[in-house]
Protein chains: 2
Amino acid sequence: MSLPHAILTALLEKPSSGLELTRRFDKSIGYFWSATHQQIYRELGRLEGEGHIRALPAEQPARGQKKRYEVLPAGRAELARWTAAAQDPKPQRDVLLLRLRAAAVVGTEGLEADLRRHLELHRRQLSEYEEIERRDFPPGRDAPQDRLRHLVLRAGIDLETFWTRWLTHALEEFAELPGAAPEAQPREPAPDTSG
Amino acid sequence: MSLPHAILTALLEKPSSGLELTRRFDKSIGYFWSATHQQIYRELGRLEGEGHIRALPAEQPARGQKKRYEVLPAGRAELARWTAAAQDPKPQRDVLLLRLRAAAVVGTEGLEADLRRHLELHRRQLSEYEEIERRDFPPGRDAPQDRLRHLVLRAGIDLETFWTRWLTHALEEFAELPGAAPEAQPREPAPDTSG
DNA sequence: CCCCGTTATGCAACTAGTTGCACAACCGTC
DNA sequence: GACGGTTGTGCAACTAGTTGCATAACGGGG
(Lines give C-alpha, C1' and ligand atoms only; values in the text may rest on other atoms or scores of the structure.)
Protein backbone atom coordinates (compact mmCIF):
# COMPACT_ATOMS: atom_id res chain seq x y z
CA MET A 1 0.00 0.00 0.00
CA SER A 2 2.98 2.35 -0.29
CA LEU A 3 3.68 2.74 -3.98
CA PRO A 4 0.89 5.30 -4.54
CA HIS A 5 2.29 7.35 -1.67
CA ALA A 6 5.81 7.13 -3.03
CA ILE A 7 4.46 8.47 -6.32
CA LEU A 8 2.55 11.27 -4.61
CA THR A 9 5.72 12.32 -2.80
CA ALA A 10 7.70 12.29 -6.04
CA LEU A 11 5.02 14.27 -7.87
CA LEU A 12 4.82 16.86 -5.09
CA GLU A 13 8.55 17.33 -5.30
CA LYS A 14 8.12 17.85 -9.04
CA PRO A 15 5.27 17.14 -11.50
CA SER A 16 6.44 14.50 -13.97
CA SER A 17 5.46 12.08 -16.69
CA GLY A 18 5.49 8.31 -16.19
CA LEU A 19 8.91 7.93 -17.68
CA GLU A 20 10.39 10.75 -15.66
CA LEU A 21 9.00 9.14 -12.53
CA THR A 22 10.55 5.85 -13.57
CA ARG A 23 13.92 7.56 -13.93
CA ARG A 24 13.62 9.17 -10.53
CA PHE A 25 12.65 5.85 -9.01
CA ASP A 26 15.87 4.43 -10.39
CA LYS A 27 17.70 6.71 -8.02
CA SER A 28 16.62 8.86 -5.09
CA ILE A 29 13.26 7.48 -3.94
CA GLY A 30 14.01 4.14 -5.57
CA TYR A 31 16.83 3.58 -3.08
CA PHE A 32 14.25 2.63 -0.49
CA TRP A 33 11.16 2.05 -2.64
CA SER A 34 11.86 0.56 -6.03
CA ALA A 35 9.28 0.28 -8.79
CA THR A 36 9.21 -0.62 -12.46
CA HIS A 37 7.64 1.56 -15.10
CA GLN A 38 4.73 -0.88 -15.42
CA GLN A 39 3.88 -0.52 -11.75
CA ILE A 40 4.14 3.24 -12.02
CA TYR A 41 1.86 3.57 -15.05
CA ARG A 42 -0.73 1.32 -13.45
CA GLU A 43 -0.62 3.32 -10.24
CA LEU A 44 -0.81 6.65 -12.07
CA GLY A 45 -4.00 5.42 -13.70
CA ARG A 46 -5.48 4.48 -10.33
CA LEU A 47 -4.45 7.73 -8.67
CA GLU A 48 -6.01 9.70 -11.50
CA GLY A 49 -9.21 7.66 -11.20
CA GLU A 50 -9.37 8.41 -7.48
CA GLY A 51 -8.94 12.12 -8.09
CA HIS A 52 -5.60 12.28 -6.26
CA ILE A 53 -3.65 13.48 -9.27
CA ARG A 54 -4.48 14.87 -12.68
CA ALA A 55 -2.77 14.99 -16.04
CA LEU A 56 -1.63 18.45 -17.05
CA PRO A 57 -3.30 19.34 -20.38
CA ALA A 58 -1.01 18.81 -23.38
CA GLU A 59 -1.17 19.97 -26.98
CA GLN A 60 -1.63 16.56 -28.65
CA PRO A 61 -2.72 14.11 -25.98
CA ALA A 62 -2.01 11.00 -28.04
CA ARG A 63 -0.52 7.61 -27.33
CA GLY A 64 3.26 7.58 -27.11
CA GLN A 65 3.07 11.20 -25.96
CA LYS A 66 4.45 12.59 -22.76
CA LYS A 67 1.77 13.10 -20.14
CA ARG A 68 2.72 15.06 -17.05
CA TYR A 69 0.87 14.64 -13.79
CA GLU A 70 0.43 16.94 -10.80
CA VAL A 71 -0.96 16.25 -7.33
CA LEU A 72 -4.45 17.52 -6.45
CA PRO A 73 -5.39 18.73 -2.94
CA ALA A 74 -7.08 15.38 -2.23
CA GLY A 75 -3.83 13.61 -3.06
CA ARG A 76 -1.80 15.83 -0.76
CA ALA A 77 -4.30 15.26 2.04
CA GLU A 78 -4.13 11.51 1.53
CA LEU A 79 -0.33 11.60 1.67
CA ALA A 80 -0.38 13.64 4.88
CA ARG A 81 -2.86 11.21 6.42
CA TRP A 82 -0.77 8.18 5.44
CA THR A 83 2.48 9.74 6.68
CA ALA A 84 1.05 10.40 10.12
CA ALA A 85 -0.83 7.10 10.51
CA ALA A 86 0.74 4.46 12.74
CA GLN A 87 2.10 1.47 10.83
CA ASP A 88 3.66 -1.70 12.17
CA PRO A 89 7.07 -2.57 10.80
CA LYS A 90 6.55 -5.44 8.43
CA PRO A 91 8.17 -8.79 9.14
CA GLN A 92 11.79 -9.16 8.09
CA ARG A 93 12.68 -11.22 5.04
CA ASP A 94 16.31 -11.70 4.13
CA VAL A 95 17.29 -14.38 1.67
CA LEU A 96 21.01 -14.16 2.39
CA LEU A 97 20.57 -14.88 6.09
CA LEU A 98 18.26 -17.75 5.22
CA ARG A 99 20.87 -19.21 2.90
CA LEU A 100 23.50 -18.97 5.61
CA ARG A 101 21.25 -20.84 7.96
CA ALA A 102 20.64 -23.48 5.28
CA ALA A 103 24.39 -23.70 4.75
CA ALA A 104 24.75 -24.68 8.40
CA VAL A 105 22.83 -27.83 7.45
CA VAL A 106 23.75 -28.64 3.85
CA GLY A 107 27.22 -27.13 3.69
CA THR A 108 28.72 -23.81 2.61
CA GLU A 109 29.89 -24.96 -0.80
CA GLY A 110 29.26 -22.33 -3.49
CA LEU A 111 27.90 -19.79 -1.04
CA GLU A 112 31.18 -17.99 -0.44
CA ALA A 113 31.47 -16.75 -4.01
CA ASP A 114 28.03 -15.18 -3.84
CA LEU A 115 28.85 -13.53 -0.52
CA ARG A 116 31.86 -11.91 -2.17
CA ARG A 117 29.68 -10.69 -5.00
CA HIS A 118 27.19 -9.19 -2.53
CA LEU A 119 30.01 -7.52 -0.63
CA GLU A 120 31.13 -5.87 -3.85
CA LEU A 121 27.56 -4.70 -4.64
CA HIS A 122 27.11 -3.19 -1.18
CA ARG A 123 30.48 -1.44 -1.38
CA ARG A 124 29.47 0.09 -4.68
CA GLN A 125 26.11 1.24 -3.30
CA LEU A 126 27.81 2.69 -0.25
CA SER A 127 30.20 4.80 -2.26
CA GLU A 128 27.30 5.97 -4.44
CA TYR A 129 25.45 7.16 -1.33
CA GLU A 130 28.55 8.87 0.01
CA GLU A 131 28.96 10.65 -3.30
CA ILE A 132 25.37 11.90 -3.08
CA GLU A 133 25.97 13.06 0.48
CA ARG A 134 29.01 15.08 -0.56
CA ARG A 135 27.12 16.59 -3.50
CA ASP A 136 23.67 17.30 -1.99
CA PHE A 137 24.34 17.80 1.71
CA PRO A 138 27.42 19.94 2.22
CA PRO A 139 27.82 21.27 5.80
CA GLY A 140 25.59 24.27 6.43
CA ARG A 141 22.53 23.17 4.44
CA ASP A 142 20.01 22.76 7.21
CA ALA A 143 16.55 23.76 6.05
CA PRO A 144 13.99 21.35 7.55
CA GLN A 145 13.47 19.53 4.23
CA ASP A 146 17.18 19.06 3.83
CA ARG A 147 17.62 17.71 7.34
CA LEU A 148 14.86 15.16 6.84
CA ARG A 149 16.16 14.05 3.46
CA HIS A 150 19.68 13.86 4.83
CA LEU A 151 18.37 11.65 7.63
CA VAL A 152 16.97 9.25 5.04
CA LEU A 153 20.26 9.18 3.19
CA ARG A 154 22.14 8.52 6.44
CA ALA A 155 19.97 5.45 6.97
CA GLY A 156 21.02 4.20 3.54
CA ILE A 157 24.69 4.87 4.25
CA ASP A 158 24.60 3.21 7.66
CA LEU A 159 22.74 0.18 6.34
CA GLU A 160 25.23 -0.36 3.54
CA THR A 161 28.06 0.11 6.02
CA PHE A 162 26.52 -2.56 8.20
CA TRP A 163 26.25 -5.02 5.30
CA THR A 164 29.80 -4.52 4.09
CA ARG A 165 31.11 -5.07 7.62
CA TRP A 166 28.93 -8.09 8.25
CA LEU A 167 29.79 -9.72 4.93
CA THR A 168 33.49 -9.11 5.53
CA HIS A 169 33.19 -10.76 8.93
CA ALA A 170 31.20 -13.66 7.45
CA LEU A 171 33.88 -14.29 4.83
CA GLU A 172 36.55 -14.31 7.54
CA GLU A 173 34.57 -16.95 9.41
CA PHE A 174 34.23 -19.00 6.25
CA ALA A 175 37.99 -18.97 5.84
CA GLU A 176 38.38 -20.49 9.31
CA LEU A 177 35.79 -23.21 8.74
CA PRO A 178 37.31 -26.70 8.45
CA GLY A 179 35.68 -28.27 5.36
CA ALA A 180 33.15 -27.00 2.88
CA ALA A 181 30.35 -29.16 4.26
CA PRO A 182 30.01 -28.95 8.06
CA GLU A 183 28.12 -32.20 8.47
CA ALA A 184 29.90 -33.28 11.65
CA GLN A 185 26.99 -34.46 13.77
CA PRO A 186 24.02 -35.52 11.60
CA ARG A 187 20.84 -35.04 13.64
CA GLU A 188 18.42 -36.71 11.25
CA PRO A 189 18.47 -40.34 10.05
CA ALA A 190 20.88 -39.28 7.28
CA PRO A 191 18.96 -40.57 4.25
CA ASP A 192 20.80 -41.89 1.24
CA THR A 193 21.96 -38.74 -0.52
CA SER A 194 23.24 -40.57 -3.57
CA GLY A 195 19.83 -41.18 -5.13
CA MET B 1 10.82 -18.49 -3.95
CA SER B 2 12.38 -18.88 -0.52
CA LEU B 3 9.64 -20.16 1.75
CA PRO B 4 9.98 -23.78 0.59
CA HIS B 5 13.71 -23.59 1.31
CA ALA B 6 13.12 -22.09 4.72
CA ILE B 7 10.83 -25.03 5.45
CA LEU B 8 13.35 -27.56 4.15
CA THR B 9 16.01 -26.08 6.42
CA ALA B 10 13.69 -26.20 9.42
CA LEU B 11 12.68 -29.79 8.67
CA LEU B 12 16.29 -30.87 8.27
CA GLU B 13 17.08 -29.40 11.65
CA LYS B 14 14.15 -31.37 13.05
CA PRO B 15 11.20 -33.21 11.42
CA SER B 16 8.00 -31.46 12.47
CA SER B 17 4.27 -31.08 11.92
CA GLY B 18 2.73 -27.99 10.39
CA LEU B 19 1.94 -26.45 13.72
CA GLU B 20 5.38 -27.14 15.14
CA LEU B 21 6.88 -25.46 12.08
CA THR B 22 4.58 -22.49 12.61
CA ARG B 23 5.83 -22.17 16.18
CA ARG B 24 9.44 -22.36 15.11
CA PHE B 25 8.78 -19.74 12.46
CA ASP B 26 7.51 -17.44 15.21
CA LYS B 27 11.03 -17.41 16.58
CA SER B 28 14.38 -18.59 15.21
CA ILE B 29 13.96 -18.81 11.43
CA GLY B 30 11.01 -16.44 11.53
CA TYR B 31 13.35 -13.63 12.64
CA PHE B 32 14.50 -13.31 9.07
CA TRP B 33 11.83 -15.23 7.19
CA SER B 34 8.36 -14.95 8.64
CA ALA B 35 5.43 -17.08 7.52
CA THR B 36 1.89 -17.77 8.68
CA HIS B 37 0.54 -21.25 9.27
CA GLN B 38 -1.56 -20.98 6.10
CA GLN B 39 1.51 -20.36 3.98
CA ILE B 40 3.30 -23.23 5.68
CA TYR B 41 0.54 -25.77 5.17
CA ARG B 42 0.18 -24.81 1.54
CA GLU B 43 3.91 -25.11 1.00
CA LEU B 44 4.09 -28.45 2.81
CA GLY B 45 1.48 -29.75 0.38
CA ARG B 46 3.52 -28.57 -2.59
CA LEU B 47 6.79 -29.93 -1.26
CA GLU B 48 5.17 -33.29 -0.67
CA GLY B 49 3.73 -33.28 -4.19
CA GLU B 50 7.19 -32.58 -5.62
CA GLY B 51 8.71 -35.44 -3.66
CA HIS B 52 10.95 -33.17 -1.58
CA ILE B 53 9.45 -34.18 1.74
CA ARG B 54 7.17 -36.94 2.98
CA ALA B 55 4.77 -37.36 5.85
CA LEU B 56 5.95 -39.83 8.46
CA PRO B 57 3.33 -42.59 8.77
CA ALA B 58 0.97 -42.08 11.73
CA GLU B 59 -1.46 -44.38 13.49
CA GLN B 60 -4.70 -42.62 12.57
CA PRO B 61 -3.97 -40.29 9.67
CA ALA B 62 -7.18 -38.26 9.96
CA ARG B 63 -8.07 -34.61 9.74
CA GLY B 64 -7.16 -32.58 12.80
CA GLN B 65 -4.35 -35.04 13.44
CA LYS B 66 -0.68 -34.23 13.78
CA LYS B 67 1.24 -35.04 10.64
CA ARG B 68 5.03 -34.94 10.87
CA TYR B 69 7.17 -34.39 7.79
CA GLU B 70 10.74 -35.31 7.02
CA VAL B 71 13.01 -34.23 4.16
CA LEU B 72 13.76 -36.68 1.36
CA PRO B 73 17.11 -36.83 -0.47
CA ALA B 74 15.64 -34.87 -3.39
CA GLY B 75 14.65 -32.11 -0.98
CA ARG B 76 18.10 -31.94 0.56
CA ALA B 77 19.65 -31.77 -2.91
CA GLU B 78 17.31 -28.96 -3.89
CA LEU B 79 18.18 -27.02 -0.75
CA ALA B 80 21.92 -27.44 -1.38
CA ARG B 81 21.46 -26.29 -4.98
CA TRP B 82 19.47 -23.22 -3.91
CA THR B 83 21.92 -22.27 -1.17
CA ALA B 84 24.86 -22.29 -3.55
CA ALA B 85 23.11 -20.57 -6.48
CA ALA B 86 23.89 -16.89 -7.05
CA GLN B 87 21.01 -14.58 -6.19
CA ASP B 88 20.77 -10.83 -6.61
CA PRO B 89 19.83 -8.88 -3.51
CA LYS B 90 16.28 -7.80 -4.01
CA PRO B 91 15.44 -4.10 -4.13
CA GLN B 92 15.06 -2.33 -0.82
CA ARG B 93 11.62 -1.38 0.44
CA ASP B 94 11.32 0.55 3.65
CA VAL B 95 8.05 2.25 4.53
CA LEU B 96 9.47 4.29 7.39
CA LEU B 97 12.10 5.94 5.22
CA LEU B 98 9.45 6.63 2.62
CA ARG B 99 7.25 8.29 5.22
CA LEU B 100 10.12 10.45 6.37
CA ARG B 101 10.70 11.57 2.83
CA ALA B 102 6.98 12.32 2.47
CA ALA B 103 7.13 14.26 5.74
CA ALA B 104 9.74 16.52 4.16
CA VAL B 105 6.96 17.63 1.81
CA VAL B 106 3.70 17.42 3.78
CA GLY B 107 5.00 18.00 7.30
CA THR B 108 6.10 15.82 10.21
CA GLU B 109 2.90 16.10 12.18
CA GLY B 110 1.90 12.76 13.73
CA LEU B 111 5.00 10.97 12.51
CA GLU B 112 7.05 11.51 15.65
CA ALA B 113 4.78 9.38 17.83
CA ASP B 114 5.09 6.45 15.47
CA LEU B 115 8.87 6.82 15.37
CA ARG B 116 8.90 6.52 19.15
CA ARG B 117 6.78 3.41 18.95
CA HIS B 118 9.14 1.87 16.39
CA LEU B 119 12.11 2.72 18.56
CA GLU B 120 10.51 0.86 21.43
CA LEU B 121 9.77 -2.18 19.22
CA HIS B 122 13.36 -2.32 17.96
CA ARG B 123 14.75 -1.99 21.48
CA ARG B 124 12.61 -4.91 22.57
CA GLN B 125 13.70 -7.03 19.61
CA LEU B 126 17.32 -6.17 20.28
CA SER B 127 17.19 -7.31 23.89
CA GLU B 128 15.44 -10.50 22.78
CA TYR B 129 18.29 -11.25 20.38
CA GLU B 130 20.88 -10.48 23.03
CA GLU B 131 19.14 -12.85 25.40
CA ILE B 132 19.30 -15.59 22.76
CA GLU B 133 22.96 -14.87 22.20
CA ARG B 134 23.73 -15.26 25.92
CA ARG B 135 21.71 -18.47 26.10
CA ASP B 136 22.67 -20.24 22.87
CA PHE B 137 26.14 -18.96 22.05
CA PRO B 138 28.27 -18.81 25.17
CA PRO B 139 32.01 -18.32 24.49
CA GLY B 140 33.67 -21.57 23.46
CA ARG B 141 30.88 -23.03 21.34
CA ASP B 142 32.48 -23.03 17.93
CA ALA B 143 31.38 -26.01 15.90
CA PRO B 144 30.88 -24.93 12.27
CA GLN B 145 27.07 -25.02 12.57
CA ASP B 146 27.21 -22.87 15.68
CA ARG B 147 29.50 -20.33 14.07
CA LEU B 148 27.23 -19.97 11.05
CA ARG B 149 24.10 -19.67 13.15
CA HIS B 150 25.81 -17.18 15.43
CA LEU B 151 26.73 -15.14 12.38
CA VAL B 152 23.07 -14.97 11.41
CA LEU B 153 22.12 -13.86 14.91
CA ARG B 154 24.85 -11.21 14.87
CA ALA B 155 23.27 -9.76 11.74
CA GLY B 156 19.97 -9.49 13.59
CA ILE B 157 21.60 -7.83 16.60
CA ASP B 158 23.56 -5.36 14.50
CA LEU B 159 20.54 -4.47 12.40
CA GLU B 160 18.40 -3.77 15.45
CA THR B 161 21.25 -1.76 16.94
CA PHE B 162 21.39 0.29 13.77
CA TRP B 163 17.65 0.99 13.86
CA THR B 164 17.57 2.02 17.50
CA ARG B 165 20.46 4.40 16.92
CA TRP B 166 19.01 5.83 13.75
CA LEU B 167 15.55 6.33 15.26
CA THR B 168 17.08 8.01 18.31
CA HIS B 169 19.00 10.34 16.03
CA ALA B 170 15.88 11.04 13.94
CA LEU B 171 13.89 11.96 17.04
CA GLU B 172 16.63 14.35 18.12
CA GLU B 173 16.45 16.05 14.73
CA PHE B 174 12.67 16.29 15.02
CA ALA B 175 13.06 18.08 18.32
CA GLU B 176 15.24 20.71 16.65
CA LEU B 177 12.86 21.26 13.73
CA PRO B 178 11.11 24.66 13.84
CA GLY B 179 7.42 23.93 13.14
CA ALA B 180 5.50 20.76 12.52
CA ALA B 181 5.03 21.48 8.80
CA PRO B 182 8.26 22.46 7.04
CA GLU B 183 6.59 24.14 4.06
CA ALA B 184 9.00 27.06 3.86
CA GLN B 185 9.75 27.14 0.13
CA PRO B 186 6.88 25.64 -1.89
CA ARG B 187 8.33 24.28 -5.14
CA GLU B 188 5.06 23.43 -6.85
CA PRO B 189 2.20 25.80 -7.82
CA ALA B 190 0.84 25.33 -4.27
CA PRO B 191 -2.74 24.28 -5.11
CA ASP B 192 -5.57 25.42 -2.87
CA THR B 193 -5.29 23.10 0.11
CA SER B 194 -8.54 24.26 1.68
CA GLY B 195 -10.84 22.40 -0.69
C1' DC C 1 11.18 5.23 -48.35
C1' DC C 2 11.93 1.54 -45.29
C1' DC C 3 14.41 -0.52 -41.48
C1' DC C 4 15.85 -0.20 -36.96
C1' DG C 5 16.95 1.44 -32.45
C1' DT C 6 15.29 4.53 -28.84
C1' DT C 7 11.77 6.81 -26.19
C1' DA C 8 7.31 6.61 -24.04
C1' DT C 9 3.15 4.36 -22.69
C1' DG C 10 0.50 0.58 -21.39
C1' DC C 11 -2.06 -4.27 -20.82
C1' DA C 12 -2.22 -9.13 -19.15
C1' DA C 13 -0.71 -12.97 -16.83
C1' DC C 14 1.82 -14.75 -13.20
C1' DT C 15 3.85 -15.26 -8.42
C1' DA C 16 4.26 -14.68 -3.62
C1' DG C 17 2.39 -13.31 0.46
C1' DT C 18 -1.81 -11.90 3.38
C1' DT C 19 -6.44 -12.14 5.23
C1' DG C 20 -10.45 -14.34 6.41
C1' DC C 21 -12.70 -18.08 7.39
C1' DA C 22 -13.95 -23.18 8.04
C1' DC C 23 -13.71 -27.68 10.00
C1' DA C 24 -12.49 -31.34 13.08
C1' DA C 25 -10.78 -33.28 17.35
C1' DC C 26 -9.77 -32.88 22.10
C1' DC C 27 -10.62 -31.37 26.87
C1' DG C 28 -12.44 -29.48 30.81
C1' DT C 29 -16.78 -27.90 33.08
C1' DC C 30 -21.34 -27.00 34.41
C1' DG D 1 -23.71 -34.81 27.65
C1' DA D 2 -24.02 -30.29 25.57
C1' DC D 3 -21.10 -26.08 25.57
C1' DG D 4 -17.10 -23.44 24.75
C1' DG D 5 -12.20 -22.77 24.44
C1' DT D 6 -7.93 -24.53 22.48
C1' DT D 7 -5.22 -27.15 19.19
C1' DG D 8 -4.29 -28.59 14.54
C1' DT D 9 -5.21 -28.52 9.65
C1' DG D 10 -6.65 -26.45 5.59
C1' DC D 11 -9.16 -23.82 1.50
C1' DA D 12 -10.34 -19.51 -1.05
C1' DA D 13 -10.08 -14.90 -2.13
C1' DC D 14 -7.47 -10.91 -2.19
C1' DT D 15 -3.34 -7.75 -2.72
C1' DA D 16 1.03 -6.27 -4.19
C1' DG D 17 4.77 -6.84 -6.99
C1' DT D 18 7.09 -9.07 -11.21
C1' DT D 19 7.59 -10.60 -15.93
C1' DG D 20 6.63 -10.53 -20.53
C1' DC D 21 5.02 -8.46 -24.18
C1' DA D 22 2.45 -4.82 -27.23
C1' DT D 23 1.92 -0.39 -29.27
C1' DA D 24 3.12 4.01 -31.08
C1' DA D 25 6.01 8.02 -32.23
C1' DC D 26 10.43 9.80 -33.45
C1' DG D 27 14.92 10.07 -35.60
C1' DG D 28 18.69 8.62 -38.27
C1' DG D 29 21.06 5.59 -42.17
C1' DG D 30 21.28 3.02 -46.19
Side-chain angles (χ1 to χ4, degrees), chain A residues 1-8 10-11 15-26 29-30 32-50 53-56 58-69 82 87-95 98, chain B residues 1-8 10-11 15-26 29-30 32-50 53-56 58-69 82 87-95 98:
Chain A
M1 280 297 292
S2 303
L3 178 57
H5 302 100
I7 291 178
L8 287 172
L11 286 181
S16 310
S17 70
L19 193 70
E20 284 165 345
L21 277 179
T22 304
R23 297 242 164 87
R24 291 169 61 197
F25 268 75
D26 282 344
I29 286 193
F32 46 94
W33 204 273
S34 67
T36 62
H37 77 274
Q38 290 91 338
Q39 283 175 274
I40 288 168
Y41 282 119
R42 180 168 54 182
E43 213 54 58
L44 283 172
R46 282 183 197 156
L47 284 167
E48 192 176 20
E50 288 166 349
I53 62 173
R54 73 163 178 196
L56 289 170
E59 278 73 60
Q60 291 112 292
R63 203 184 153 80
Q65 194 87 6
K66 271 192 193 186
K67 220 200 292 182
R68 297 170 68 81
Y69 290 91
W82 175 83
Q87 255 183 289
D88 284 333
K90 58 173 224 173
Q92 283 300 317
R93 292 242 161 77
D94 192 292
V95 183
L98 191 56
Chain B
M1 279 298 290
S2 302
L3 179 58
H5 302 99
I7 292 178
L8 287 172
L11 286 181
S16 310
S17 70
L19 192 70
E20 284 165 346
L21 277 178
T22 304
R23 297 241 166 89
R24 292 169 61 197
F25 267 76
D26 282 344
I29 286 192
F32 47 93
W33 204 272
S34 68
T36 63
H37 77 273
Q38 289 91 337
Q39 283 176 273
I40 288 168
Y41 283 118
R42 179 168 55 183
E43 213 54 59
L44 284 172
R46 283 184 196 153
L47 284 168
E48 192 176 21
E50 289 166 350
I53 62 174
R54 73 164 178 196
L56 290 169
E59 278 74 61
Q60 291 113 290
R63 202 184 154 80
Q65 195 87 8
K66 273 192 191 184
K67 221 198 295 182
R68 297 170 68 81
Y69 290 91
W82 176 82
Q87 256 183 287
D88 285 333
K90 59 172 220 173
Q92 283 300 318
R93 291 243 162 76
D94 192 291
V95 183
L98 191 56

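Numbered from 1 within each chain, the chains take letters A, B, ... in sequence-line order. None of these values were measured; they are calculated from a predicted model.
- At D:dT19, none of the side-chain N or O atoms of A:T36 fall inside 4.0 Å of OP1 or OP2 (strictly under the cut-off).
- Rounded to whole Å, atom P of D:dA16 lies 12 Å from atom CD of A:Q87.
- Proximity of A:Q39 to the phosphate of D:dA16: no side-chain N or O atom is located under 4.0 Å from OP1 or OP2.
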- Does the pair A:R46 and A:E43 meet the rule for a side chain to side chain contact (heavy atoms under 4.5 Å, CB included), with working shown? CA-CA 5 Å; A:R46 282 183 197 156; A:E43 213 54 58; 3.2 Å; yes

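- If you measure from atom CD1 of A:I40 to atom P of D:dG17, you get 12 Å, rounded to the nearest angstrom.
- With DNA chain C read from its 5' end, the first of the two nearest nucleotides for B:E43 and B:H37 is the one closest to B:E43.
- Atom-to-atom, NZ of A:K90 to P of C:dG17 comes out at 10 Å; the value is rounded to the nearest Å.
- The shortest non-hydrogen separation linking A:I29 to A:A10 is CD1-CB, 3.8 Å.
- Pairing each heavy atom of A:S2 with each of B:V95, the nearest pair is OG-CG2, 3.8 Å.
- Nearest nucleotide to the B:R93 side chain, out of D:dT9, D:dT18, C:dT18: D:dT18.
- Straight-line distance from the OH atom of B:Y41 to the C1' atom of D:dG10: 8 Å, rounded to whole Å.
- Distance, B:L44 CG to D:dT9 P: 9 Å, rounded to whole Å.
- OP1 or OP2 of C:dG10 has at least one side-chain nitrogen or oxygen of A:K67 nearer than 4.0 Å.
- Rounded to an integer number of Å, the gap from CZ of B:R46 to C1' of D:dC11 is 13 Å.
- Atom NE2 of A:H5 and atom C1' of D:dA16 are 14 Å apart (whole Å).
- When rounded to the nearest whole Å, the span between CG of A:L21 and C1' of C:dG10 equals 15 Å.
- If B:Q38 and B:R42 are placed on DNA chain C by their nearest nucleotide, the residue sitting closer to the 5' end is B:R42.
- Residue B:R23 is in sugar-phosphate contact alone, with no base atom involved, counting any heavy-atom pair closer than 4.0 Å across all strands shown.
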- Evaluate the criterion side chain to side chain contact (heavy atoms under 4.5 Å, CB included) for residue pair A:R93 and B:S34; output intermediate values, then yes/no. CA-CA 7 Å; A:R93 292 242 161 77; B:S34 68; 3.3 Å; yes

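- The listed nucleotides are C:dT18, C:dG17, D:dT9; the one nearest the side chain of A:P91 is C:dT18.
- Between A:A35 and A:F25 the shortest heavy-atom distance is CB-CD2, 3.9 Å.
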